[in-house]
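Worksheet: one structure, shown below.
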2 protein chains.
Amino acid sequence: MVKVTKVDLSPRPVEAMSPRQLERRGNLIAAALALVTEIGVERLQMRQVSERSGVALGTTYRYFSSKDHLLAAAIAEWHRSLLTDLVGEVRGRRAGLTASDRMVRFVRHGMRAYQRQPELARLRVSVAASTDPFASEALQAMARADGAALRAVMTEVPPSTGDVVRHIVGHAWQGELTAWVTGRTTLDDARRRLEDVVRLVLTPYEAADPAA
Amino acid sequence: MVKVTKVDLSPRPVEAMSPRQLERRGNLIAAALALVTEIGVERLQMRQVSERSGVALGTTYRYFSSKDHLLAAAIAEWHRSLLTDLVGEVRGRRAGLTASDRMVRFVRHGMRAYQRQPELARLRVSVAASTDPFASEALQAMARADGAALRAVMTEVPPSTGDVVRHIVGHAWQGELTAWVTGRTTLDDARRRLEDVVRLVLTPYEAADPAA
DNA sequence: GTCGCTTCTGGAACGCGTTCCACTTCTCCG
DNA sequence: CGGAGAAGTGGAACGCGTTCCAGAAGCGAC
């Protein structure tokens with residue numbers, strides 16, 4: 001009687017990882033981010049990521065189901081930290097800015113951050129269409145974080161339309177980023193258009209933030 | 001003295017093709033579309049496309065710079081024909097529908113078309129982030145066609161805000177399609193959200209179509 | 001300790017996009 | 001028609017994501 005069932009080789013859930021494993025996972029993500037900013041997404045190869053974080057190639061695939069999964073996790077992490085920066089920045093302004101003004105500041109700073117790290121913009125765009133379920137999950141989490149941040153910025157928009165407004169801004173952001181990164185548009189045009197979208201969709205809520 | 005300069009191996013522009021070459025190009029696109037609907041984007045390989053259109057693999061690369069380029073050209077072609085269908089459909093309704101109503105019909109029919117051809121939806125999404133300049137060009141053309149179609153549907157929106165509205169709808173469409181195709185959302189939710197976006201952004205123009 | 005398990009390692013191997021090459025076939029000008 | 005340059009052919013070869021395998025740690029239970 002020979003053992004026939006293969007061991008499960010799909011990545012363990014993060015919650016089920018030992019501290020040692022969590023550290024490895026973190027190293028892999030860090031290595032991926034570092035390599036992307038150094039040499040670009042296009043030139044990044046899995047073998048390098050493994051080597052730089054001191055694990056065998058096969059091991060990398062026990063933490064991430066695919067290159068897409070790893071990259072999605074990486075950009076999600078970076079994007080999350082960007083979001084808290086942005087929310088802080090907008091909150092920092094104590095004046096009674098309108099929701100529209102605040103949101104414009106928000107996306108403007110966001111676009112500038114991507115401008116400073118164009119390779120990360122490329123990364124975000126290139127990973128957005130991934131069909132790897134694990135990557136998809138990471139991207140979904142990123143979208144949720146986006147939603148929460150946007151909600152924090154537009155406190156005066158009622159929940160009824162708030163969802164739709166958030167989707168509009170999120171999709172427009174992603175779309176303009178894509179258009180820029182793939183060379184279909186200049187960065188300035190992308191930023192301008194995104195701000196136009198924000199203004200158009202938020203003008204109904206011109207009243208100053210009651211919480212200010 | 002040895003000849004050193006390599007021959008130009010990037011695809012010739014379409015305008016500069018002989019009829020024979022145009023036919024080949026068309027065959028390649030047709031084969032790609034057929035194969036995509038038969039077996040899906042993921043499983044499609046360049047070798048099959050070449051074989052099915054009776055051309056050597058190397059030749060395929062003299063017509064399209066990359067798989068992305070071929071696929072972009074293919075989906076652009078299909079999408080263009082879809083757009084004329086949709087515009088016709090909306091125009092066909094002679095009643096004095098509001099811009100918002102017409103646009104909702106437009107995107108609803110559009111989403112249904114993609115629902116009937118889910119592999120083409122996948123194709124559109126998977127190609128959207130391509131950085132191949134030739135692919136990018138094809139996608140840009142597709143976006144222009146989209147813009148023209150949307151303009152035809154919302155005749156009563158003034159040009160000042162019309163651009164922005166078109167971008168919103170375009171990005172939301174692409175975004176929801178992506179979310180569906182990558183399994184981050186159900187098709188119904190995607191459609192519903194897209195229609196919400198359309199309605200929110202077009203309600204200011206509720207007056208009936210003056211041309212009706 | 002040591003047995004039994006999971007995990008990790010190093011490295012070979014596979015698949016498919018892409019490139020290259022030596023050769024044949026077109027095409028079209030004189 | 002003849003001959004030069006462009007375009008196409010068939011097939012080998014390369015690069016990198018991904019998979020697989022046999023053996024070597026790592027680690028908890030007893």
Side-chain angles (χ1 to χ4, degrees), chain A residues 2-14 16-25 27-28 32 35-36 39-72 126-127 130-135, chain B residues 2-14 16-25 27-28 32 35-36 39-72 126-127 130-135:
Chain A
V2 189
K3 199 204 270 187
V4 154
T5 56
K6 300 218 170 181
V7 242
D8 180 17
L9 33 63
S10 65
R12 301 171 281 288
V14 184
M17 287 189 188
S18 71
R20 184 162 195 70
Q21 290 172 335
L22 277 175
E23 191 196 336
R24 279 206 163 151
R25 195 187 122 95
N27 287 342
L28 285 167
L35 279 168
V36 165
I39 63 175
V41 212
E42 321 242 300
R43 260 177 295 196
L44 174 142
Q45 3 183 147
M46 291 301 268
R47 296 179 219 255
Q48 302 176 59
V49 179
S50 311
E51 194 182 345
R52 181 177 290 216
S53 29
V55 291
L57 179 58
T59 306
T60 304
Y61 281 89
R62 297 189 50 82
Y63 286 84
F64 299 97
S65 61
S66 66
K67 189 179 185 182
D68 276 356
H69 182 194
L70 170 57
L71 292 181
S126 77
V127 121
S130 171
T131 55
D132 175 327
F134 291 90
Chain B
V2 189
K3 198 204 271 188
V4 151
T5 56
K6 303 218 170 181
V7 242
D8 181 17
L9 32 62
S10 67
R12 298 171 282 287
V14 184
M17 287 188 187
S18 70
R20 183 162 196 72
Q21 290 173 336
L22 277 175
E23 191 195 336
R24 278 202 166 155
R25 194 188 124 96
N27 287 344
L28 284 167
L35 280 168
V36 164
I39 64 176
V41 210
E42 322 241 301
R43 261 177 296 193
L44 173 141
Q45 3 183 148
M46 290 301 268
R47 295 180 219 255
Q48 301 176 59
V49 179
S50 310
E51 194 181 347
R52 181 177 291 214
S53 28
V55 151
L57 179 57
T59 305
T60 305
Y61 280 90
R62 298 190 49 82
Y63 285 85
F64 299 98
S65 60
S66 66
K67 191 180 184 182
D68 276 356
H69 182 196
L70 170 58
L71 293 181
S126 76
V127 120
S130 171
T131 55
D132 176 327
F134 292 91

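First the proteins, then the strands, lettered A, B, ... as listed; each starts at 1.
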With sequence neighbours excluded, residues passing ring-ring contact (aromatic ring centres under 6.0 Å, His included) with Tyr63(A): none
Shortest non-hydrogen contact between Ser50(B) and Thr60(B), atoms and distance: OG-OG1, 2.8 Å
Lys67(A) NZ - dG17(C) C1' separation (whole Å): 13 Å
Contact summary for Phe64(A) and Arg25(A), nearest pair of heavy atoms: CE2-NH1, 3.5 Å
Contiguous Watson-Crick or G-U pair runs (3 or more, under 3.5 Å) in DNA chain C: C:1-30 with D:1-30
Step-by-step side chain to side chain contact (heavy atoms under 4.5 Å, CB included) determination, Leu44(A) to Lys67(A): CA-CA 10 Å; Leu44(A) 174 142; Lys67(A) 189 179 185 182; 3.7 Å; yes
Whole-Å distance separating the CD atom of Gln48(B) from the P atom of dC16(C): 9 Å
Rounded distance in Å - CD (Glu42(B)) to P (dC16(C)): 13 Å
Protein-nucleotide distance (Tyr61(B), atom OH; dT18(C), atom P), rounded to Å: 4 Å
Spacing of Leu71(B) atom CG relative to dG17(C) atom C1', expressed in whole Å: 12 Å
Closest to the Ser66(A) side chain, choosing from dC16(C), dT18(D), dC8(C): dT18(D)
Shortest non-hydrogen separation from Ala135(B) to Ser130(B) and the atoms involved: CB-OG, 3.5 Å
Euclidean distance, atom CE of residue Met46(B) to atom C1' of dT19(C) [Å, nearest integer]: 12 Å
Asp132(A) CG - dG17(D) P separation (whole Å): 15 Å
For atom CD of Gln21(A) and atom P of dG26(D), their distance in whole Å: 14 Å
Ser53(B) side chain to Val55(B) backbone, donor-acceptor under 3.5 Å: no
Atom of Met17(A), atom of Gln21(A) and distance for their closest heavy-atom approach: CA-OE1, 3.5 Å
Output a table of nitrogen or oxygen pairs between the protein and nucleotides 9-14 of chain C separated by less than 3.5 Å.
{"from": "dT9(C)", "atom 1": "OP2", "to": "Ala56(A)", "atom 2": "N", "distance (Å)": "2.9"}
{"from": "dT9(C)", "atom 1": "OP2", "to": "Thr59(A)", "atom 2": "OG1", "distance (Å)": "2.6"}

Nearest heavy atoms of Val127(A) and Leu71(A), plus distance in Å: CG2-CB, 3.5 Å
Sugar-phosphate only, base, or nothing, as touched by Leu44(B) at under 4.0 Å among non-hydrogen atoms: sugar-phosphate
Nucleotide of dG17(C), dC16(D), dG8(D) approaching Tyr63(B) most closely (side-chain heavy atoms): dG8(D)
Over 12 non-hydrogen atoms of neighbours within 6.0 angstrom of CZ in Arg43(A): no
Which nucleotide in dC8(C), dC27(D), dT27(C) has an atom nearest any side-chain atom of Arg20(B): dT27(C)
Arg12(B) side-chain N/O to dG8(D) phosphate OP1/OP2 under 4.0 Å: yes
Sugar-phosphate, base or nothing in reach of Arg43(B), heavy atoms under 4.0 Å: nothing
